[in-house]
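Report on one structure; see the data block that follows.
Hydrogens, waters and symmetry mates play no part in the numbers below; they use all other heavy atoms, side chains included.
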Amino acid sequence: MKKYSTQQLRNIGLFGHGSSGKTTLTEAMLFATGAIDRMGSVTGGNTVSDNDPDEINRGISLYSTVVPAEYKNTKINIIDTPGFLDFIAQVRSSMRVVEGGVFMVSGNSGVEVGLERVWKISNEHKMAKIFFINKMDKENSDFYKCIDEIGSTLKTHGDVVPVQLPIGVADKFTGVVDLLENCAYKFSAGKAEKIDIPADMKSKVDEYAEKLAEAAAGDDEALMEKFFEGALSSEDVKASITKRIKKGEVFPVLCGSAEKNFGVTTLLDTIIDYFPNPAEAPEVTAQKSGSDDRIVVKPDAAEPLAALVFKTTADPYVGKLSVLRVYSGTLKADSEVLNVGREANEKISALMIFKGKTHETVDEVYAGDIITVAKLSVTVTSDSLCTKERPIVFDPIEFPEPLAAMAVYPKSKGDEDKLGSVLNRILEEDPTLKVNRDKMTKETVIYGMGELHLGIVTDKLKRKFGVDVDLQIPKIPYKETIKGKASQEYKHKKQSGGRGQYGHVVIELEPLPRDMDFEFVDKIVGGVVPKNYIPSVEKGVRKAMEEGFIAGYPVVSVRTSLVFGSYHTVDSSDIAFQIAAGQAFKQGATKAQPILLEPVMDVEVIVPESFMGDVMGDMNSRRGRIMGMDPIGDGQQSIKSQVPLAEMQKYSIDLRSITQGRGEYKMKFSHYEEVPALIAEPIIAAANKPQE
């Protein structure tokens with residue numbers, strides 16, 4: 001592949017709901033530009049961008065994939081992104097590094113939830129946007145209904161205007177009318193032949209041409225005056241539309257069929273003509289290392305190097321791969337760069353351009369380009385790479401917090417030791433996966449974006465690393481405490497020939513505030529328990545607290561006072577007083593109004609207003625307390641509540657069902673509080689049930 005300057009680059013992402021045709025459009029674009037000599041299919045498992053075994057097996061995109069295409073002396077870096085909500089993080093990282101987005105709509109199903117979610121995320125980024133209404137060759141496709149849905153559902157904050165109108169529909173879809181060029185194209189065998197505008201479409205064309213002209217005029221007084229006078233020329237319209245598209249003020253709508261390769265070349269022309277190159281993109285800033293000052297990172301190959309890693313993956317043959325966007329300067333093979341955040345130098349061994357499973361190497365790339373680098377030792381996703389002379393750090397990519405949790409149990413005992421290291425390798429690739437070893441429940445818990453996401457992780461563990469695991473719902477880390485006071489005596493006395501065992505204690509128990517864990521008080525007077533055995537008593541109490549006394553959960557918020565006891569000059573020992581103290585604690589705690597405590601979470605759910613009632617009703621059914629509600633704009637509401645963790649397991653699945661996929665939530669630990677008696681009873685019974 002030849003070298004391309006910054007002005008010859010276009011970085012675009014394909015975004016939309018699952019099965020809207022993003023991967024098929026990628027294939028069609030590659031075929032139309034001559035990058036491949038035949039189109040693969042998702043069902044056939046032979047597409048360029050969906051080449052991972054998990055993607056082939058499931059027939060869906062799971063990862064964002066960068067594929068370059070060369071067209072009209074321009075390199076277009078196409079990023080094919082997943083459409084399923086479990087992989088929304090891939091969309092976030094991709095949006096961070098592109099100047100333009102093609103948002104896919106299925107002509108026969110319209111605007112779906114996945115598109116709503118990615119469009120909402122896109123509003124956080126300054127980018128040019130195009131809508132491509134795909135599958136116009138399918139039954140029940142309706143271009144004009146899709147246009148209405150885009151305007152009413154997505155809250156675009158800009159003008160949504162068709163620049164093409166379809167000629168025919170379903171099996172009679174044969175071409176498009178180009179409103180900017182005032183001509184029509186007939187599609188055949190992937191090529192577009194210029195034809196006259198069909199006579200029966202004249203009124204429709206005039207109607208939408210006027211809407212396009214009005215959108216071009218925008219709030220420009222001079223152009224608006226021309227518009228009302230009917231003097232707005234086609235050159236005026238194209239020039240103004242180009243500016244407004246690049247500013248993100250106008251969102252043109254095109255249509256076609258990716259599967260039949262209809263409308264793909266006209267889409268490519270639109271990308272080159274109306275999307276900004278990196279030099280025309282909105283200003284990008286970064287923070288100076290060791291300072292609060294920010295600097296503008298200019299998209300110029302002559303500037304010092306600055307790049308951001310937005311994806312990390314592992315190739316079975318090449319090893320660890322880092323995909324990065326060069327924002328300024330020139331990145332060269334066999335060079336050394338600085339990872340400021342990790343205070344480490346990294347060797348750039350080779351620069352690779354991937355096309356599915358194959359790749360080629362280049363010796364350098366310029367500002368604005370996207371490239372893959374192999375075997376960076378410490379660099380991970382969201383890290384910044386730069387020169388020593390200008391150490392800067394880009395703002396990290398913001399990823400959603402993983403909340404779907406499952407406990408991991410290796411099926412083979414031999415895999416227990418391997419599991420930790422293998423999970424760490426997967427964590428390098430996936431910033432939305434977290435692993436935690438719960439000290440209380442002794443479980444390894446993985447957190448992901450949903451059941452599908454966690455299922456992919458377990459498949460990868462087995463396929464890539466040979467570790468077969470089961471996933472189970474994590475245990476709840478309950479705790480035990482007391483509400484009342486009690487006094488308890490216990491004498492440990494054992495004689496079995498020779499030296500015996502003797503330890504005698506009297507302790508008093510009382511509750512502490514919930515924010516306090518434990519307090520031991522020595523109230524011994526007159527040396528009835530020698531000072532050297534006092535630590536033994538405390539040690540015995542602490543051990544008993546770890547073991548629990550009603551259901552085997554750790555005990556918290558208890559003050560234990562040693563008030564009396566006795567000893568034997570020969571038979572008393574450290575272990576004897578530990579045993580006596582532990583038994584005294586367990587017996588005394590059962591008399592002090594013992595209770596079970598459960599973790600309570602702060603939960604914030606963000607949903608469209610139309611789902612508020614359903615979400616609040618569901619929260620109440622989960623023993624939740626509604627703490628407040630706040631409107632946050634665009635018809636969205638934030639519902640804040642406190643809910644027991646036991647009621648939030650698999651909530652991500654339930655929330656998607658309740659809100660048709662439009663809701664999202666955040667959750668963090670708040671505090672522990674008492675489990676109601678009716679709920680505590682079966683928990684305690686299950687904990688004390690003999691193991692079979």
Cationic N near anionic O, under 4.0 Å, [X] to [Y]:
X: Glu280; Y: Lys246; value: yes
X: Glu336; Y: Lys388; value: yes
X: Glu401; Y: Lys434; value: yes
X: Asp52; Y: Lys460; value: no
X: Glu283; Y: Lys126; value: no
X: Arg463; Y: Asp54; value: yes

ring-ring contact (aromatic ring centres under 6.0 Å, His included) partners of [X], counting only residues at least two apart:
X: Phe131; value: Trp119
X: His453; value: Phe87
X: Phe465; value: none
X: Phe354; value: His359

Looking just at side-chain N and O atoms, do [X] and [Y] make a donor-acceptor pair shorter than 3.5 Å?
X: Asn134; Y: Ser106; answer: no
X: Asn123; Y: Lys129; answer: yes
X: Ser638; Y: Asp630; answer: no

Report the residues that fulfil side-chain hydrogen bond (donor to acceptor under 3.5 Å, both in side chains) with [X], sequence neighbours left out, ordered by chain and then residue number.
X: Asn57; answer: none
X: Glu116; answer: Arg662
X: Lys320; answer: none
X: Arg117; answer: none

message = Is there a side-chain contact between Tyr63 and Glu55 in this structure, where contact means two heavy atoms from C-beta onward sitting under 4.5 Å apart?
response =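 A side-chain contact exists here, since the closest heavy-atom pair is under 4.5 Å.
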How long is the straight-line distance from [atom2] of [Y] back to [atom1] of [X], given to the nearest 0.5 Å?
X: Phe310; Y: Thr381; atom1: CZ; atom2: OG1; result: 9.5 Å
X: Asp300; Y: Thr6; atom1: CG; atom2: OG1; result: 7.0 Å
X: Lys311; Y: Ser382; atom1: NZ; atom2: OG; result: 15.5 Å

task = Assess whether ring-ring contact (aromatic ring centres under 6.0 Å, His included) is satisfied between Tyr327 and Phe394, documenting all intermediate values.
result = CA-CA 10 Å; Tyr327 280 94; Phe394 290 103; 5.0 Å; yes
message = With salt bridge (Lys or Arg N to Asp or Glu O under 4.0 Å) as the rule and sequence neighbours excluded, what pairs involving residues 94-106 come up?
response =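 Counting only pairs at least two positions apart or across chains, the salt bridge (Lys or Arg N to Asp or Glu O under 4.0 Å) contacts touching residues 94-106 are Glu99-Arg325.
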query = Please, which pairs that meet salt bridge (Lys or Arg N to Asp or Glu O under 4.0 Å) have at least one residue in residues 11-27, sequence neighbours excluded?
reply =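 Those involving residues 11-27 do not exist here.
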inquiry  = I'd like to check the salt bridge (Lys or Arg N to Asp or Glu O under 4.0 Å) partners of Glu303; sequence neighbours left out, ordered by chain and number.
reply    =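 For Glu303, the residues satisfying salt bridge (Lys or Arg N to Asp or Glu O under 4.0 Å) (neighbours in sequence not counted) are Arg390.
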task = Test side-chain contact (heavy atoms from CB on, under 4.5 Å) on Val297 and Ser328 and set out the steps.
result = CA-CA 6 Å; Val297 181; Ser328 72; 3.5 Å; yes
request  = Among residues two or more places apart or on two chains, list those pairs meeting ring-ring contact (aromatic ring centres under 6.0 Å, His included) that have a residue in residues 634-659.
outcome  =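 Every pair satisfying ring-ring contact (aromatic ring centres under 6.0 Å, His included) with a residue in residues 634-659: Tyr651-Tyr665.
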request  = Please name the pair of heavy atoms, one in Glu149 and one in Ser109, separated by the smallest distance, quoted to 0.1 Å.
outcome  =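 Heavy atoms only, the tightest pair is OE1-O, 4.5 Å.
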